[in-house]
Amino acid sequence: MDTQKILLAAKEARALAEQLILKADTIITEIETAPRQAVVLRDVNVRSGHTTTSPVLRLMKAPQTVTVYEEWKSLNGLETWVRHHATAQEWSAMVYNGTIFMEYL
């Protein structure tokens with residue numbers, strides 16, 4: 001195997017390991033009762049997934065109210081992301097790195 005192939009294989013293995021670590025460090029909780037309302041306190045990106053590496057779909061401006069259908073929390077408690085579209089994968093950070101972007105009403 002040449003050096004380029006070894007480096008590519010190592011890079012792919014690292015990316016897979018990072019994804020597994022991320023999955024192991026998360027809990028996804030569907031809102032079991034009726035969807036909850038939250039108010040946006042700061043402008044926040046709407047993304048296609050619950051990570052900062054997910055593509056940005058649009059910017060959600062404060063102040064406004066959104067309906068939360070699903071919540072994702074990191075096990076370490078530093079991140080909370082919410083899905084605020086009934087059918088689409090539209091996620092925004094509720095709390096990220098200690099910054100509060102939304103809170104429940």
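Because the structure is predicted, anything quoted here is derived from the model rather than measured.
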Same apolar cluster: Ile100 and Leu78, side chain cutoff 4.5 Å: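 No, because Ile100 and Leu78 fall into different hydrophobic clusters, even though each may have its own neighbours under 4.5 Å.
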Leu105-Val95 co-clustered via ILVMFWY side chain contacts under 4.5 Å: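 In one cluster: yes.
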Under the 3.5 angstrom rule, does the side chain of Ser74 hit a backbone N or O of Glu79 as a donor-acceptor pair?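 Here the side-chain-to-backbone pair exists.
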Between His50 and Trp81: side-chain donor-acceptor atoms closer than 3.5 Å: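 Side-chain D/A pair, His50 to Trp81: absent.
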Could you give all pairs that pass the salt bridge (charged side-chain N to carboxylate O under 4.0 Å, His left out) test and reach residues 45-59, with sequence neighbours left out?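 For residues 45-59: Arg58-Glu90.
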Inter- and intrachain pairs under salt bridge (charged side-chain N to carboxylate O under 4.0 Å, His left out), touching residues 92-105, at least two apart: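 Qualifying pairs: none.
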side-chain hydrogen bond (donor to acceptor under 3.5 Å, both in side chains) with Ser48: which residues, sequence neighbours excluded?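 Checked Ser48 against side-chain hydrogen bond (donor to acceptor under 3.5 Å, both in side chains); zero matches.
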Check side-chain hydrogen bond (donor to acceptor under 3.5 Å, both in side chains) between Gln89 and all other residues, then give those that pass, not counting sequence neighbours.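 Gln89: side-chain hydrogen bond (donor to acceptor under 3.5 Å, both in side chains) contacts with Trp91.
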Quick one: side chain to side chain donor-acceptor pair (under 3.5 Å) pairs with a partner in residues 92-101, sequence neighbours left out?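 Output for this query lists His84-Ser92.
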I want to check something: taking the side chain as every heavy atom from C-beta on, are [X] and [Y] in contact at a cut-off of under 4.5 Å?
X	Y	value
Tyr104	Val82	yes
Thr67	Gln37	yes
Lys61	Val40	no
Leu59	Asn45	yes

If I compare all heavy atoms of Ala38 with all of Met94, which pair ends up nearest, and what's the gap?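 Minimum heavy-atom contact is CB-CE, 3.9 Å.
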Mind checking the CE-CZ spacing from Met60 to Phe101? Nearest 0.5 Å is all I need.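 Atom-to-atom, Met60:CE and Phe101:CZ are 10.5 Å apart.
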Side chain to side chain contact (heavy atoms under 4.5 Å, CB included) assessment of His85 paired with Thr87: CA-CA 6 Å; His85 191 282; Thr87 57; 3.3 Å; yes
